[in-house]
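By convention in this document, chain letters (A, B, ...) are assigned in the order of the sequence lines, proteins followed by strands, and residues within each chain are numbered from 1.
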2 protein chains.
Amino acid sequence: MPKKTFFNLPQEKRERIIKSALNIFSSKPYHTISVNQLIKAARIPKGSFYQYFKDKKDLFRYLIQLIYADKVKRLRKVLNDSYNLFDVLRIMTREAIEFAKENPTYTAIANRLMTDPELKKEIIADFLPDGNGFMEELVLRSYESGELKTELEPEVLARIIMSIFQVMGDYIYEKSGNLSAKKSEELFIHVINLLEHGLKGCEEND
Amino acid sequence: MPKKTFFNLPQEKRERIIKSALNIFSSKPYHTISVNQLIKAARIPKGSFYQYFKDKKDLFRYLIQLIYADKVKRLRKVLNDSYNLFDVLRIMTREAIEFAKENPTYTAIANRLMTDPELKKEIIADFLPDGNGFMEELVLRSYESGELKTELEPEVLARIIMSIFQVMGDYIYEKSGNLSAKKSEELFIHVINLLEHGLKGCEEND
DNA sequence: ATATAATGTGACCGTTAGGTCATATGACCA
DNA sequence: TGGTCATATGACCTAACGGTCACATTATAT
């Protein structure tokens with residue numbers, strides 16, 4: 001967590017620091033970013049940086065919290081316990097695409113976090129915004145409701161679903177520009193159908 | 001590619017360099033490893049390192065080639081064109097688990113490569129050992145044979161399959177010790193069944 | 001034995017990093 | 001007005017980095 005001197009800063013300065021840090025962290029891998037770059041972009045002296053933050057990770061973790069607070073708030077609004085697993089996935093998809101469109105910088109940073117195993121361990125370990133925990137719970141509920149016919153353990157299935165969503169996100173991100181939100185959502189829907197019914201469809205029983 | 005002075009080295013020295021580099025690259029993330037660490041571990045002077053390799057990446061790429069040459073050779077032995085997609089996945093699974101058991105260091109390095117997007121781009125871009133290309137071709141053939149009932153584009157499906165295998169690999173790697181090869185293979189088989197028939201199974205048509 | 005080319009080597013270079021700290025500045029209170 | 005305290009600042013520290021290069025050593029050819 002940033003120190004109280006940071007929160008006492010005049011809004012303009014605080015926002016400048018946050019904004020420039022968001023820009024940088026979204027533009028290249030975490031480990032290639034130095035404190036020197038951050039302070040130069042924020043136009044603050046190095047001494048000040050260390051008055052506000054313990055180190056680079058302290059600042060980064062703060063940004064991640066900002067981002068996930070936003071994401072989770074958004075999801076809470078549209079989700080409730082009555083949905084089944086596949087409905088939830090469909091809703092999450094729609095929200096995620098919308099969120100990515102509205103907050104490309106946030107999305108880029110979240111993406112960098114999720115695709116960097118070491119970083120993920122360090123950052124998510126503490127406050128678990130949506131580590132696999134969330135998905136695991138969802139899957140567990142689905143198992144209990146009896147809608148799933150697989151023998152896979154919930155933890156594994158949760159991981160698989162998370163990684164599929166990750167890969168789909170990457171794909172859409174790469175193609176962005178060429179891919180409309182509508183087309184993106186269609187893509188996800190097909191994937192969710194695949195999860196429901198498999199690649200072979202249901203008429204074949206071998 | 002390493003320089004010819006490297007290949008002219010007495011076998012003992014060359015193997016010492018390779019072995020120590022394999023150890024280090026398997027033990028921590030690529031970007032945290034410095035040339036200084038590599039030369040210290042290999043017990044060679046810094047000047048020599050630069051006689052043998054252009055830089056760290058040169059050495060790393062060479063190791064990756066060694067690793068994938070092994071992997072591909074192994075796969076070629078058991079695969080032929082008559083198998084369908086799911087059979088191939090099952091065979092690949094068995095081979096991958098065997099390979100991981102026999103070559104844990106190789107596996108750890110390959111894993112680090114595959115989970116580091118920037119590195120992957122840099123290293124795989126050149127010689128494409130098993131970037132998604134291999135899987136994409138496999139999937140394409142499967143589409144043409146008519147065994148798949150999904151509307152997903154082949155590229156997307158290939159990526160999904162790759163990422164699922166990646167995640168399963170991670171999982172097994174984490175649990176290794178607690179998980180026998182037999183149990184691991186079972187896990188994969190369930191996942192492949194999931195791909196074939198979906199999570200809901202086939203009696204339900206909604 | 002001597003000349004020539006290939007290889008080995010570690011001191012050395014410039015650069016950058018993360019982090020500190022003595023001092024300067026400015027706000028608030030007596 | 002003078003004193004106290006939080007904050008601002010950039011020069012400075014040590015450590016490590018990637019990379020080079022003049023020189024030492026060894027192998028090869030004559």
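No donor-acceptor pair under 3.5 Å is formed between the side chain of B:Asp58 and the backbone N or O of B:Phe53.
Close to D:dT7, at under 4.0 Å from its OP1 or OP2, lies no side-chain N or O of A:Thr5. Side-chain nitrogen and oxygen atoms of A:Asn36 include none within less than 4.0 Å of the OP1 or OP2 phosphate oxygen of C:dT16.
Contact annotation: the side chain of B:Arg141 never approaches that of B:Tyr83 to less than 4.5 Å [non-hydrogen atoms, C-beta and beyond].
Both B:Ile44 and A:Tyr50 lie close to DNA chain C; mapped to their nearest nucleotides by heavy-atom distance, the more 5′-ward contact belongs to B:Ile44.
Atom-to-atom, CD1 of B:Ile33 to P of D:dG18 comes out at 11 Å; the value is rounded to the nearest Å. Distance A:Leu59 CG to C:dG18 P: 12 Å, rounded to the nearest Å. Note: NZ (B:Lys4) to C1' (C:dA6) measures 8 Å, nearest angstrom. Straight-line distance from the NZ atom of B:Lys57 to the P atom of D:dG19: 10 Å, rounded to whole Å. Counting to the nearest Å, the C1' atom of D:dA8 and the NZ atom of A:Lys3 are 14 Å from each other. Rounded to an integer number of Å, the gap from CG of A:Leu9 to P of C:dA27 is 14 Å. In this structure, the CG atom of A:Asp55 is 15 Å from the P atom of C:dA17, given to the nearest Å. Taking atom NZ of residue A:Lys56 and atom P of nucleotide C:dT16, one finds them 16 Å apart after rounding to whole Å.
For A:Tyr52 and A:Phe7, the ring centers are positioned 6.0 Å apart or more.
Counting only heavy atoms from C-beta on, B:Ser48 has its side chain closest to C:dT9 among C:dT9, D:dG18, C:dT7. Residue A:Lys13 has its side chain nearest to D:dT9 when only D:dT9, C:dG8, C:dA17 are considered. Checking D:dG10, D:dC17, C:dT9 against the side-chain heavy atoms of B:Gln51 singles out C:dT9 as nearest. Here the side chain of B:Asn8 is nearest to one of C:dT7, D:dT7, D:dC17, namely C:dT7.
Relative orientation of the B:Phe6 and B:Tyr62 rings is perpendicular, given thresholds of 30° and 60° on the angle between their planes.
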*Walk me through it: do A:Asn111 and A:Gln166 pass the test side-chain hydrogen bond (donor to acceptor under 3.5 Å, both in side chains)?*
CA-CA 8 Å; A:Asn111 231 29; A:Gln166 186 58 49; 2.9 Å; yes
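Put simply, the side chain of B:Lys46 and the base of D:dG18 share a donor and an acceptor less than 3.5 Å apart.
Heavy atoms of B:Tyr52 sit under 4.0 angstrom from primed sugar atoms or phosphate atoms, though from no base atom. A:Ile39 comes within contact range of no nucleotide atom at all, as no heavy-atom separation falls under 4.0 Å.
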